[in-house]
Peer 1: 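Got a structure here, written out as structure tokens. Questions coming.
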Amino acid sequence: MIVDTSQGSTAIKNTVATFATEFVATASEGDLIEAKVLDQANQPIGKKDFFAGFGITVPDAVAMKLSEDYSLFVKKEGGAAKLGLVFKTVTSSGLADEMKNWEPTIITDLNSIYFGQALLPATGTFDSAKYKNADIRYSNFSSPAGASLDYSVIANFMVIGTSKDTTRAILDYMSQK
């Protein structure tokens with residue numbers, strides 16, 4: 001995914017929205033695609049520029065444990081695009097605790113990955129689940145339908161998904177690599 005960074009601070013968010021819309025228009029239900037976010041010179045866009053350009057806020061205590069190696073995922077689910085982010089970690093040590101500390105504001109901080117939809121958390125709290133060998137923390141939303149915020153720190157990766165099925169599809173995809 002090539003982003004024209006000369007288009008200003010919303011270029012990344014706009015490019016991702018266009019990419020997701022085009023993917024959903026041609027993909028089959030359940031399809032998942034991985035994309036790298038690159039600038040016009042085919043160079044990866046750094047995590048801090050990605051966060052800023054996508055309009056998301058990541059606490060320093062979390063960001064410093066993430067490497068510059070990340071991927072964006074788009075899954076067609078219920079006819080709509082659901083996003084996921086996977087970051088390779090510099091260190092996973094303490095990251096799960098830092099993620100738990102982030103839970104009170106994480107939904108607001110990551111609102112942009114829901115394409116600006118109004119989010120209505122069902123409870124506003126996070127619960128724990130297990131999927132295969134991954135420990136997942138999640139908060140379900142009563143609106144939009146099927147949306148949630150799920151995250152997992154597994155091996156040397158941090159995975160964030162905008163629905164249970166998207167997060168699980170990403171974890172399955174990663175286990176096959």
Side-chain angles (χ1 to χ4, degrees), residues 1-3 12-13 15-16 19-20 23 27 30-39 42-77 81-115 126-141 146-177:
M1 173 184 332
I2 307 290
V3 177
I12 292 173
K13 190 184 333 183
T15 301
V16 171
F19 180 85
F23 173 73
D31 282 358
L32 177 76
I33 188 170
E34 177 182 15
K36 294 289 186 178
V37 184
L38 308 172
D39 65 16
N42 259 4
Q43 295 302 307
I45 292 177
K47 66 183 178 190
K48 286 190 191 277
D49 289 337
F50 175 76
F51 297 153
F54 208 90
I56 58 180
T57 303
V58 179
D60 289 340
V62 171
M64 67 184 235
K65 294 181 185 273
L66 307 178
S67 78
E68 296 291 332
D69 185 3
Y70 66 92
S71 292
L72 175 78
F73 286 83
V74 182
K75 182 173 187 279
K76 184 172 182 177
E77 190 177 308
K82 301 287 186 177
L83 293 186
L85 297 171
V86 175
F87 282 85
K88 195 167 191 175
T89 59
V90 175
T91 177
S92 296
S93 176
L95 183 55
D97 290 332
E98 294 299 341
M99 293 297 292
K100 278 187 181 177
N101 293 339
W102 187 18
E103 286 179 3
T105 62
I106 192 171
I107 293 169
T108 304
D109 291 346
L110 298 180
N111 183 270
S112 290
I113 65 174
Y114 296 90
F115 300 114
F126 279 77
D127 293 305
S128 298
K130 198 138 181 80
Y131 178 70
K132 298 182 179 175
N133 61 342
D135 292 317
I136 298 173
R137 297 279 296 161
Y138 68 94
S139 182
N140 292 325
F141 302 153
S148 62
L149 186 103
D150 298 54
Y151 72 84
S152 180
V153 177
I154 181 165
N156 57 336
F157 295 95
M158 181 189 71
V159 178
I160 295 175
T162 59
S163 76
K164 174 178 80 172
D165 291 341
T166 297
T167 304
R168 290 179 173 190
I170 292 168
L171 289 166
D172 288 342
Y173 171 85
M174 290 173 58
S175 71
Q176 296 165 9
K177 284 183 101 177

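Since the model is a prediction, treat every value here as computed from it, not as a measurement.
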Peer 1: State, to 0.1 Å, how close Tyr114 and Ser148 come at their nearest heavy-atom pair, and which atoms those are.
Peer 2: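 Smallest heavy-atom distance, with atoms named: OH-O, 2.7 Å.
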
Peer 1: In Å, rounded to the nearest 0.5 Å, how long is the span from OG of Ser139 to CD1 of Ile106?
Peer 2: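 Here the rounded value is 10.0 Å.
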
Peer 1: Between Ser152 (side chain only) and Ala134 (backbone N and O only), is there a donor and an acceptor less than 3.5 Å apart?
Peer 2: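 Answer holds: no.
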
Peer 1: Against Phe73, only a single residue in Phe19, Tyr173, Phe23 fulfils ring-ring contact (aromatic ring centres under 6.0 Å, His included); can you say which?
Peer 2: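 With Phe73 as partner, Phe19, Tyr173, Phe23 yield a single ring-ring contact (aromatic ring centres under 6.0 Å, His included), made by Tyr173.
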
Peer 1: Regarding Glu98 and Lys65, does a basic nitrogen lie under 4.0 Å from an acidic carboxylate oxygen?
Peer 2: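 Not counted as a salt bridge, because no side-chain N and carboxylate O are separated by less than 4.0 Å.
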
Peer 1: Step by step, would you call Met99 with Val62 a side chain to side chain contact (heavy atoms under 4.5 Å, CB included)?
Peer 2: CA-CA 7 Å; Met99 293 297 292; Val62 171; 3.8 Å; yes

Peer 1: Less than 6.0 angstrom separating the ring centers of Phe87 and Phe51, yes or no?
Peer 2: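 Yes; Phe51 has its ring centre under 6.0 Å from that of Phe87.
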
Peer 1: Which heavy atom of Ser71 sits nearest a heavy atom of Glu34, and at what distance?
Peer 2: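 That would be OG-OE2, 2.6 Å.
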
Peer 1: What do you reckon, is NZ of Lys36 surrounded by more than 12 foreign heavy atoms closer than 6.0 Å?
Peer 2: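 Buried by this count: over 12 neighbours within 6.0 Å.
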
Peer 1: Mind checking the CD1-OG1 spacing from Ile136 to Thr167? Nearest 0.5 Å is all I need.
Peer 2: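 Answer rounded to 0.5 Å: 6.5 Å.
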
Peer 1: Strictly below 4.0 Å, N to O, side chains only: are Asp150 and Arg168 in salt-bridge contact?
Peer 2: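 Judged by the 4.0 Å cut-off on N to carboxylate O distance, Asp150 and Arg168 do not form a salt bridge.
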
Peer 1: For Glu77 versus Gly146, what's the shortest heavy-atom pair and its separation?
Peer 2: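 It is OE2-O, 4.2 Å.
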
Peer 1: Could you tell me which non-hydrogen atom of Ala81 sits nearest to which non-hydrogen atom of Val74, and how far apart they are?
Peer 2: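 In terms of heavy atoms, the two residues are closest at CB-CG1, 4.0 Å.
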
Peer 1: Can you check whether Tyr151 reaches Lys100 side chain to side chain, under 4.5 Å on heavy atoms?
Peer 2: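 A side-chain contact under 4.5 Å exists here.
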
Peer 1: To the nearest 0.5 Å, tell me how far Ile113 CD1 sits from Ile56 CD1.
Peer 2: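 Interatomic distance, Ile113 CD1 to Ile56 CD1, rounded to 0.5 Å: 6.5 Å.
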
Peer 1: I would like to know whether Tyr70 and Ile45 meet side chain to side chain contact (heavy atoms under 4.5 Å, CB included); could you show each step before the answer?
Peer 2: CA-CA 10 Å; Tyr70 66 92; Ile45 292 177; 3.9 Å; yes

Peer 1: What closest approach, in Å, do Ile2 and Asp39 show between heavy atoms, and which atom pair accounts for it?
Peer 2: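 That closest heavy-atom pairing would be CG2-O, 3.7 Å.
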
Peer 1: For the atom pair OG1 (Thr89) and CG (Asn156), what is the distance rounded to the nearest 0.5 Å?
Peer 2: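 The distance works out to 5.0 Å.
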
Peer 1: Has the side chain of Ser67 got a donor or acceptor atom that lies under 3.5 Å from a matching backbone atom of Val90?
Peer 2: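 No, the answer is negative, given that no donor and acceptor are paired below the 3.5 Å cut-off.
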
Peer 1: Would you give the length of the straight line joining atom CH2 of Trp102 to atom CD1 of Ile107, rounded to the nearest 0.5 angstrom?
Peer 2: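 Result: 11.0 Å between the selected atoms.
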
Peer 1: Would you give the length of the straight line joining atom OG1 of Thr166 to atom CG of Leu171, rounded to the nearest 0.5 angstrom?
Peer 2: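 Interatomic distance, Thr166 OG1 to Leu171 CG, rounded to 0.5 Å: 11.0 Å.
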
Peer 1: What I want to find out is whether Asp127 reaches Arg137 closely enough, with some N-O distance under 4.0 Å, to be called a salt bridge.
Peer 2: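 Salt bridge absent between Asp127 and Arg137.
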
Peer 1: NZ of Lys47: more than 12 outside heavy atoms within 6.0 angstrom?
Peer 2: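 Buried by this count: over 12 neighbours within 6.0 Å.
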
Peer 1: Compare every heavy atom of Ala27 with every heavy atom of Lys76, then report the nearest pair and how far apart it is.
Peer 2: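 Of all heavy-atom pairs spanning Lys76 and Ala27, the closest is NZ-O, 2.9 Å.
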
Peer 1: Just to verify, which of Ile160, Asp165, Leu32, Leu85 counts as forming a side chain to side chain contact (heavy atoms under 4.5 Å, CB included) with Ile170?
Peer 2: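 Among Ile160, Asp165, Leu32, Leu85, the one meeting side chain to side chain contact (heavy atoms under 4.5 Å, CB included) with Ile170 is Leu32.
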
Peer 1: Considering only heavy atoms from C-beta outward, does the side chain of Val16 approach that of Val3 to under 4.5 Å?
Peer 2: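 No, too far: nothing below the 4.5 Å cut-off.
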
Peer 1: Please determine whether side chain to side chain contact (heavy atoms under 4.5 Å, CB included) holds for the pair Leu83 and Phe54, giving the CA-CA distance in whole Å, both sets of side-chain angles, and the decisive distance to 0.1 Å.
Peer 2: CA-CA 12 Å; Leu83 293 186; Phe54 208 90; 3.7 Å; yes

Peer 1: Side chains of Asn140 and Lys164, heavy atoms from C-beta outward: is any pair under 4.5 Å?
Peer 2: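 Side chain of Asn140 against side chain of Lys164, heavy atoms only: no contact under 4.5 Å found.
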
